[in-house]
K.L.:
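This is the structure, below, for whatever I ask next.
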Amino acid sequence: MTVQTEGRVRRSMLFVPGANAAMISNAFIYMADAIMFDLEDSVALREKDSARLLVFHALQHPRYRQVETIVRVNGLDSPFGIADLEAVVSAGVDIVRLPKTDCAQDVLDMECEIERIELRCGREVGSTGMLAAVESARGITQANDIALASKRLIGIALGAEDYVRDLRTERSAEGIELLFARSAILQAARAAGIAAFDTVYSDAANESGFIQEATLIKQLGFDGKSLINPRQIELLHHIYAPTRAQCDQARQIIEAAEAAEREGSGVVSLNGKMVDSPVIARAQLLLQRAQLSGIREE
């Protein structure tokens, strides 16, 4: 079995610190597309074991069975990685997020451990998805191989903070330092037929800055974005929803294509203009997005 992702919307993936019991207790109320419990960077060393136990129990709560769950585990090269995997896979997590993925072998090593745990605890082999986070210059150069490494991969994600440190620079409002990495991840994901997810916007109080960045990554083609602030969820969903005017135009294009097919014509025209197959495909995609994400007014 491979992980089923058809029709799944992952515009928003809300990070929830694994040691924050209060946030874990009610994160499902925020209506993010996915809840992403974090056992790695947001958890202090002295809290690793207690955080793992909190997340283990949360994954089995009925309310978290109704939303897609992701857990960012510690790396296999750390003292906590195997214990994290044992806990979250046996608890029924939907997707494991791999931190600091530098090469395809990192994906294969994690896949091997996940399959071992699935067999041991009775989960269907292949039912646990994987999401590879690329956070280094080396990882960006290996993005194509990473994206193709496993059928379990539902997508690859950019981790910007470690990446810009690796570049010996810092993040800017314009995000010019991330353009190459974003493009590399997006191209690799699309070539592999999986999703691409953008990094978090860490300035939680800067709503206009968040909207600017989210609009950019949506225009680039990203499927969604990791978030650290619940207030960003509604803003992001609004950006991803097509407008009513866009939907009306898309329906006209589809209707024109269907009419041409009924008439046996190889030429599709609308309002006196030729409509080629890429335009029709985009119209179909936009209507699918509207069905999944809703419609917004201008």
K.L.:
Quick one: does any side-chain atom of Ser226 pair with a main-chain N or O of Met13 as donor and acceptor, under 3.5 Å?
P.N.:
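Such a contact is absent between Ser226 side chain and Met13 backbone.
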
K.L.:
Donor-acceptor pair, Arg171 side chain versus Glu161 backbone, under 3.5 Å?
P.N.:
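No; zero donor-acceptor contacts below 3.5 Å.
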
K.L.:
With Asn20, which residues qualify under side-chain contact (heavy atoms from CB on, under 4.5 Å), at least two apart?
P.N.:
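Partners of Asn20 under the side-chain contact (heavy atoms from CB on, under 4.5 Å) test: Pro17, Ala22, Met23.
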
K.L.:
Checking salt bridge (charged side-chain N to carboxylate O under 4.0 Å, His left out) between Glu40 and each of Lys48, Arg97, Lys100, which is the one that passes?
P.N.:
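It is Lys100, the one option of Lys48, Arg97, Lys100 that forms the salt bridge (charged side-chain N to carboxylate O under 4.0 Å, His left out) with Glu40.
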
K.L.:
Minimum heavy-atom separation for Ala181 and Leu158, please, with both atom names.
P.N.:
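Closest approach of Ala181 to Leu158, heavy atoms only: CB-CD1, 4.0 Å.
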
K.L.:
Write down the atom of Met130, the atom of Ser150, and the distance for their closest heavy-atom approach.
P.N.:
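That closest heavy-atom pairing would be SD-OG, 4.3 Å.
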
K.L.:
More than 12 foreign heavy atoms under 6.0 Å from CD of Glu47: is that the case here?
P.N.:
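Above 12, so yes.
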
K.L.:
Show me the donor-acceptor pairs within less than 3.5 Å that the side chains of residues 249-262 make with the rest of the protein, sequence neighbours left out.
P.N.:
residue: Arg251; atom: NH1; partner: Asp248; partner atom: OD1; Å: 3.2

K.L.:
Has Glu118 got a side-chain atom pairing as donor or acceptor with Gly126's backbone, closer than 3.5 angstrom?
P.N.:
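Checked: pair present.
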
K.L.:
With rounding to the nearest 0.5 Å, note down the distance linking CD in Glu115 to CZ in Arg123.
P.N.:
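So the CD of Glu115 and the CZ of Arg123 are separated by 12.5 Å.
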
K.L.:
Between Arg182 and Glu213, is there a salt bridge with N-O shorter than 4.0 Å?
P.N.:
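Salt bridge: yes.
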
K.L.:
How long is the gap from CG on Leu14 to CD1 on Ile233, to the nearest 0.5 Å?
P.N.:
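Going from CG on Leu14 over to CD1 on Ile233, the span is 4.5 Å.
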
K.L.:
Looking only at heavy atoms, what is the nearest atom pair of Ala214 and Leu236, with distance?
P.N.:
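Smallest heavy-atom distance, with atoms named: CB-CD1, 3.7 Å.
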
K.L.:
With a 4.5 Å heavy-atom cut-off, do Ile117 and Ile114 have their side chains touching?
P.N.:
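No, side chains not in contact.
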
K.L.:
Is the shortest distance from a Lys or Arg side-chain nitrogen in Glu207 or Arg231 to a carboxylate oxygen in the other one below 4.0 Å?
P.N.:
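Looking at Glu207 and Arg231, the cut-off is not met.
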
K.L.:
So if you build clusters from Ile, Leu, Val, Met, Phe, Trp, Tyr with side-chain heavy-atom gaps below 4.5 Å, do Tyr201 and Val134 land together?
P.N.:
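Yes; Val134 is reachable from Tyr201 via cluster members.
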
K.L.:
I'd like to check Ile185 versus Phe222 (side-chain heavy atoms, cut-off strictly below 4.5 Å). Are they in contact?
P.N.:
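Yes - at least one pair of side-chain heavy atoms lies under 4.5 Å apart.
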
K.L.:
With rounding to the nearest 0.5 angstrom, report the CG to OG1 distance, Leu286 to Thr243.
P.N.:
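Output value for this atom pair is 7.5 Å.
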
K.L.:
Regarding Arg190 and Asp223, does a basic nitrogen lie under 4.0 Å from an acidic carboxylate oxygen?
P.N.:
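Yes, Arg190 and Asp223 are salt-bridged.
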
K.L.:
If only atom types and distance count, is the side chain of Glu135 paired as donor or acceptor with the main-chain N or O of Pro99 below 3.5 Å?
P.N.:
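Answer holds: no.
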
K.L.:
Between the side chain of Asp33 and the main-chain N/O of Arg11, is any donor-acceptor distance below 3.5 Å?
P.N.:
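Judged by distance alone, yes, a pair lies under 3.5 Å.
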
K.L.:
Ignoring hydrogens, what is the shortest heavy-atom contact between Gly221 and Leu186? Give both atom names and the distance.
P.N.:
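Gly221 and Leu186 have their closest heavy atoms at O-CD1, 3.6 Å.
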
K.L.:
Would you confirm whether Gln60, through its side chain, and Phe56, through its main-chain N or O, come within 3.5 Å as a donor-acceptor pair?
P.N.:
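Confirmed, Gln60 side chain pairs with Phe56 backbone.
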
K.L.:
Is any side-chain heavy atom of Val96 closer than 4.5 Å to one of Val71?
P.N.:
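The answer is no; the side chains never approach within 4.5 Å.
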
K.L.:
Are any non-hydrogen side-chain atoms of His238 and Leu235 less than 4.5 angstrom apart?
P.N.:
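They are not in side-chain contact.
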
K.L.:
Rounded to the nearest 0.5 Å, what separation is found between the CG atom of Leu76 and the CE atom of Met110?
P.N.:
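Result: 4.0 Å between the selected atoms.
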
K.L.:
Applying ring pair (Phe, Tyr, Trp, His ring centres under 6.0 Å), which residue pairs with at least one partner in residues 63-104 are found, sequence neighbours left out?
P.N.:
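The answer is Phe28-Tyr64, Phe37-Tyr64.
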
K.L.:
Do Asp38 side-chain atoms and Ser42 backbone N/O form a donor-acceptor pair below 3.5 Å?
P.N.:
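Judged by distance alone, yes, a pair lies under 3.5 Å.
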
K.L.:
Given the rule in the side chain to side chain contact (heavy atoms under 4.5 Å, CB included) test, do Val88 and Leu39 qualify, once you have shown the distances and angles that lead to the verdict?
P.N.:
CA-CA 10 Å; Val88 303; Leu39 296 176; 4.2 Å; yes

K.L.:
Can you see which heavy atom on Leu153 is nearest to which on Ala147, and at what distance?
P.N.:
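Smallest interatomic distance, heavy atoms only, reads CD1-O, 3.9 Å.
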
K.L.:
If you group Ile, Leu, Val, Met, Phe, Trp and Tyr by side-chain heavy-atom gaps below 4.5 Å, do Leu285 and Ile280 land in one group?
P.N.:
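Leu285 does not cluster with Ile280.
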
K.L.:
I'd like to know if Phe210 and Met31 are part of one continuous hydrophobic network [Ile/Leu/Val/Met/Phe/Trp/Tyr, side-chain heavy atoms within less than 4.5 Å].
P.N.:
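Hydrophobic grouping puts Met31 apart from Phe210.
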
K.L.:
With distance as the sole test, does Asp166 use its side chain to make a donor-acceptor pair with the main-chain N or O of Ser136 at under 3.5 Å?
P.N.:
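Side chain of Asp166 to backbone of Ser136: no pair is present.
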
K.L.:
Run Arg10 and Ile95 through side chain to side chain contact (heavy atoms under 4.5 Å, CB included) and show every step you take.
P.N.:
CA-CA 12 Å; Arg10 297 186 180 94; Ile95 297 168; 4.0 Å; yes

K.L.:
If you take all heavy atoms of Ile295 and Ala290, which pair is closest and at what distance?
P.N.:
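Between these two residues, the closest heavy atoms are CG1-CB, 4.1 Å.
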
K.L.:
Please say yes or no: joined through hydrophobic side-chain contacts below 4.5 Å, possibly via intermediate residues, are Ile35 and Leu53 part of one cluster?
P.N.:
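Result: no, two separate clusters.
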
K.L.:
Is there a side chain to side chain contact (heavy atoms under 4.5 Å, CB included) between Leu108 and Gln105? Walk through the geometry before answering.
P.N.:
CA-CA 5 Å; Leu108 296 174; Gln105 190 61 48; 4.0 Å; yes

K.L.:
Determine, stepwise, if the pair Arg72 / Asp41 fulfils side chain to side chain contact (heavy atoms under 4.5 Å, CB included).
P.N.:
CA-CA 9 Å; Arg72 180 169 70 172; Asp41 284 348; 3.6 Å; yes

K.L.:
Decide yes or no for Val93 and Val55: does some side-chain heavy atom of the first lie under 4.5 Å from some side-chain heavy atom of the second?
P.N.:
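With C-beta onward as the side chain, the pair stays apart.
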
K.L.:
Output the distance between atom CZ (Arg289) and atom CD (Gln246), rounded to the nearest 0.5 Å.
P.N.:
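It comes to 9.0 Å.
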
K.L.:
When rounded to the nearest 0.5 angstrom, what distance separates CG in Asp145 from SG in Cys103?
P.N.:
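Taking CG in Asp145 and SG in Cys103, the distance rounds to 9.0 Å.
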
K.L.:
Let me check something: do Leu45 and Val73 share a hydrophobic cluster, defined by ILVMFWY side-chain heavy atoms less than 4.5 Å apart, either directly or through other members?
P.N.:
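Different hydrophobic clusters.
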
K.L.:
For atom CD1 of Ile176, is the number of surrounding heavy atoms from other residues, nucleotides or ligands below 6.0 Å larger than 12?
P.N.:
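12 or below, so no.
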
K.L.:
Would Glu86 and Arg116 count as a salt bridge (charged side-chain N to carboxylate O under 4.0 Å, His left out) here? Give the steps.
P.N.:
CA-CA 9 Å; Glu86 293 276 0; Arg116 174 185 62 79; 3.0 Å; yes

